[in-house]
Amino acid sequence: MLLQLPFIGAPPGRDEAGYLMVGAGWGHGDDLYGRYWVDRPPLLVWIFEAAGDLTTLRLIGCAAAAAVVVLVGLAARVAAGPRAGVWAAGAAALLASQPWLGTARVNGEILAAPFSAAALLATVLIVRRGGGWKAAVVAGSAATLAVLVKQSTVDAAVFVVVALVMIAWRGRRSRRQLLALAAGVVGGVAVTLTAAVTLAAARGAGPVELFDAVVTFRLEAGETIRASASGATTERLLAMVSTWLVSGLAMLTAAVLVLAARRRDPVVWATSAALLAATAFALMGGSYWAHYLIALIPTAALGAGLVAAQVPRRWARNGAVFLVAATIVTVVHTVTDSGQDGREQQAVGRAIERAAEPGDTAVVTYGQPNVLFNAGLESPYPYLWSLPVRALDPDLDRLSDTLEGEDAPTWIVDWSGFDDWGVDADRLIDVVQQRYRVIGQVCGRDVWLDRRVDRPVPHGGGCR
């Protein structure tokens, strides 16, 4: 928590700003989450809605990171003793404090991580302490809650399944006990999922629409990325792999896999399977943002404890030195980086905020919801991120209809050029030129204003 406090006042990230806007707009429109559409499960939106503002959200993120440290430390202690618990907690604390993993910003992965860690602890209690159906219910429910925050957070579910399969394979429980455990897990999953879907449907996000958003859309988006993504996607993949190597996640994954090859322990095998699943899903996302790797932290930290309990202390100390050095380097680099991500969006948004009047709205092409958040303006267009625009509105017909309609935005910020990858902007460009005029530039971005209104020219600094 102390290592995250320096970033409490950092400019809002795209996801932070966007999800706060989605949460605030739920119930005020006809799209999936009211005013806006996003391909995320409802529990994530509820958390952002409950937070309400950026500072509260960042404090929730700090608490989530602390919860992961405690829960993973307890899980490792139960699995392999006090020494394992200390090393696992230390690894979790260091990994959850590395800004290169995106931990300085609150995203779905860090909010899902405590639920994953709770599922690990409940499952370890089943394996090591003979926990029964009650622990199984907790394991199933916690793993489901993690998926309800971020649908790709499957590490806990894989951990639970593999651990129970290993128990059955090794004949450590009677058939009746195994059936009770299976029923507990399935019951926890069913009750939690049913409650979440029912509550979301009561607020207008029906089960079919949710499935289309969190499952079907991801397949469509993957095809969009493969077919037309820019070179920036490849650059992010290389950066993501480099972060995986430098952060210590690669080292811990390799160590756990070696341990699994030497020991047929249900906890070790479940940890290695969960790590591989989390890594695969991080890569399958297609966008390759570094914060996807946060999903590896609970199982990687548990693995650190399991390995430390088996290897010579000198080896464990060397691994700890590597993690500490990686954390110090990333924290210092991020704190001193004058070009910190989000500053430009903050400068543009605040410039528009000073020029805007009550009732104004805005659209940013394409994505960058933190510009809107900093401007304090809503958008009449439901897609706040670029990927939904490219996958669901590639001809930009809905955006063009919005600009021509009664709810046309007052402002348009041309962030990356109208004719960008994955879209056909011919109609949009005609509509913009007919109805809007360039009123100025902020940080090199063209700012367009509706021709029917007058506003001061926005001016801003602090772009870098």
Side-chain angles (χ1 to χ4, degrees), residues 14 17-39 45 203-206 209 212-213 217 220 224 348-349 351-353 355-420 422-440 442 445-458:
R14 286 179 288 271
Y19 295 142
L20 283 170
M21 292 180 65
V22 172
W26 198 354
H28 301 287
D30 298 325
D31 271 282
L32 178 62
Y33 290 116
R35 187 175 291 122
Y36 303 112
W37 187 98
V38 66
D39 57 314
V45 180
R203 299 191 62 184
E209 292 78 10
D212 285 342
F217 170 79
E220 296 173 351
T224 298
V348 175
I352 295 175
E353 180 186 34
E357 294 185 3
D360 283 5
T361 58
V363 165
V364 182
T365 57
Y366 304 101
Q368 309 300 332
N370 40 355
V371 174
L372 299 173
F373 183 81
N374 284 298
L377 300 180
E378 297 172 357
S379 171
Y381 185 58
Y383 306 136
L384 297 177
W385 287 266
S386 66
L387 191 54
V389 175
R390 305 178 201 281
L392 300 178
D393 193 21
D395 294 328
L396 303 177
D397 286 332
R398 183 166 185 178
L399 178 54
S400 299
D401 290 342
T402 301
L403 301 186
E404 290 181 322
E406 296 180 356
D407 297 327
T410 315
W411 305 84
I412 298 175
V413 178
D414 180 7
W415 193 264
S416 56
F418 295 127
D419 193 13
D420 202 11
V423 297
D424 182 352
D426 290 345
R427 181 189 170 198
L428 175 69
I429 292 172
D430 289 340
V431 172
V432 171
Q433 291 176 344
Q434 290 173 12
R435 189 155 185 173
Y436 293 83
R437 68 186 190 276
V438 176
I439 190 175
V442 181
R445 314 291 180 176
D446 284 339
V447 179
W448 297 69
L449 180 68
D450 193 323
R451 293 182 185 275
R452 300 169 297 176
V453 301
D454 290 319
R455 297 288 187 272
V457 176

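No experiment lies behind these values; they were computed from the predicted model shown. Because only heavy atoms are used, hydrogens play no part in the values below, and waters and symmetry mates are left out as well, while side chains stay in.
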Legend entry - Pairwise side-chain contact, Ile439 with Trp411, heavy-atom cut-off 4.5 Å (strictly under): yes
Inset, instruction - Salt-bridge test for Asp450 and Arg437: reply yes if a basic N is under 4.0 Å from a carboxylate O, no otherwise. - result: no
Inset, instruction - Could you check if a side-chain atom of Leu403 sits within less than 4.5 angstrom of a side-chain atom of Tyr436, using non-hydrogen atoms only? - result: yes
Using a 3.5 Å cut-off and no angle test, enumerate the donor-acceptor pairs between side-chain atoms of residues 365-376 and protein atoms at least two apart in sequence or in another chain.
from: Thr365; atom 1: OG1; to: Val413; atom 2: O; distance (Å): 3.3
from: Tyr366; atom 1: OH; to: Phe418; atom 2: O; distance (Å): 2.5
from: Gln368; atom 1: OE1; to: Gln345; atom 2: NE2; distance (Å): 2.8
from: Asn370; atom 1: ND2; to: Pro12; atom 2: O; distance (Å): 3.2
from: Asn374; atom 1: ND2; to: Asn370; atom 2: O; distance (Å): 2.6

Inset, instruction - Compare every heavy atom of Val363 with every heavy atom of Ser379, then report the nearest pair and how far apart it is. - result: OG-CG2, 3.7 Å
Inset, instruction - Kindly confirm or rule out a cation-pi arrangement of Arg203 over Trp26, judged by NZ or CZ under 6.0 Å from the six-membered ring centre and within 45° of its axis? - result: yes
Inset, instruction - Would you mind reporting whether Val22 and Leu384 have side-chain heavy atoms less than 4.5 Å apart? - result: yes
Legend entry - For Asp401, all residues meeting side chain to side chain donor-acceptor pair (under 3.5 Å), sequence neighbours excluded: Arg427
Inset, instruction - Using a strict cut-off of less than 4.0 Å between a Lys/Arg side-chain nitrogen and an Asp/Glu carboxylate oxygen, indicate whether Glu404 and Arg435 qualify as a salt bridge. - result: no
Inset, instruction - With the side chain counted from C-beta on, respond yes when Asp395 and Asp424 share a heavy-atom pair under 4.5 Å apart, and no when they do not. - result: yes
Legend entry - Inter- and intrachain pairs under salt bridge (Lys or Arg N to Asp or Glu O under 4.0 Å), touching residues 410-420, at least two apart: Arg390-Asp420
Legend entry - Check: Val432 and Ile412 side chains under 4.5 Å, non-hydrogen atoms: yes
Inset, instruction - Specify the closest pair of heavy atoms between Ala362 and Pro380, including all atoms of both residues, with the distance to one decimal. - result: O-CD, 3.9 Å
Inset, instruction - Assess whether side chain to side chain contact (heavy atoms under 4.5 Å, CB included) is satisfied between Thr361 and Thr410, documenting all intermediate values. - result: CA-CA 5 Å; Thr361 58; Thr410 315; 4.2 Å; yes
Inset, instruction - Taking all heavy atoms of Ala205 and all of Leu32, pick out the closest pair and write down the distance. - result: CB-O, 3.5 Å
Inset, instruction - Determine the minimum heavy-atom distance between Leu396 and Val389, stating which atoms define it. - result: CD2-CG1, 3.7 Å
Legend entry - From CA spacing to verdict: side chain to side chain contact (heavy atoms under 4.5 Å, CB included), Leu392, Glu220: CA-CA 9 Å; Leu392 300 178; Glu220 296 173 351; 3.9 Å; yes
Inset, instruction - Side-chain contact test, heavy atoms from C-beta onward, threshold under 4.5 Å: evaluate it for Pro409 versus Tyr381 and give yes or no. - result: no
Inset, instruction - Please state whether the rings of Trp385 and Tyr19 are parallel, tilted or perpendicular, taking 30° and 60° as the class boundaries. - result: tilted
Inset, instruction - Among residues two or more places apart or on two chains, list those pairs meeting salt bridge (Lys or Arg N to Asp or Glu O under 4.0 Å) that have a residue in residues 364-388. - result: Arg35-Glu378
Legend entry - Side-chain heavy atoms of Trp415 within contact of Asp446, under 4.5 Å: no
Legend entry - Inter- and intrachain pairs under salt bridge (Lys or Arg N to Asp or Glu O under 4.0 Å), touching residues 18-32, at least two apart: Asp31-Arg398
Legend entry - Side-chain donor or acceptor of Arg451 paired with backbone N/O of Gln434 under 3.5 Å: yes
Inset, instruction - Kindly indicate whether the side chain of Leu399, heavy atoms from C-beta on, has any atom under 4.5 Å from the side chain of Asp393. - result: yes
Inset, instruction - State which residues pass side chain to side chain donor-acceptor pair (under 3.5 Å) with Asp426; sequence neighbours excluded, sorted by chain then number. - result: none
Inset, instruction - Begin with the C-alpha distance, continue with both residues' side-chain angles, and end with the deciding distance and a verdict on side chain to side chain contact (heavy atoms under 4.5 Å, CB included) for Ile352 and Val442. - result: CA-CA 9 Å; Ile352 295 175; Val442 181; 5.7 Å; no
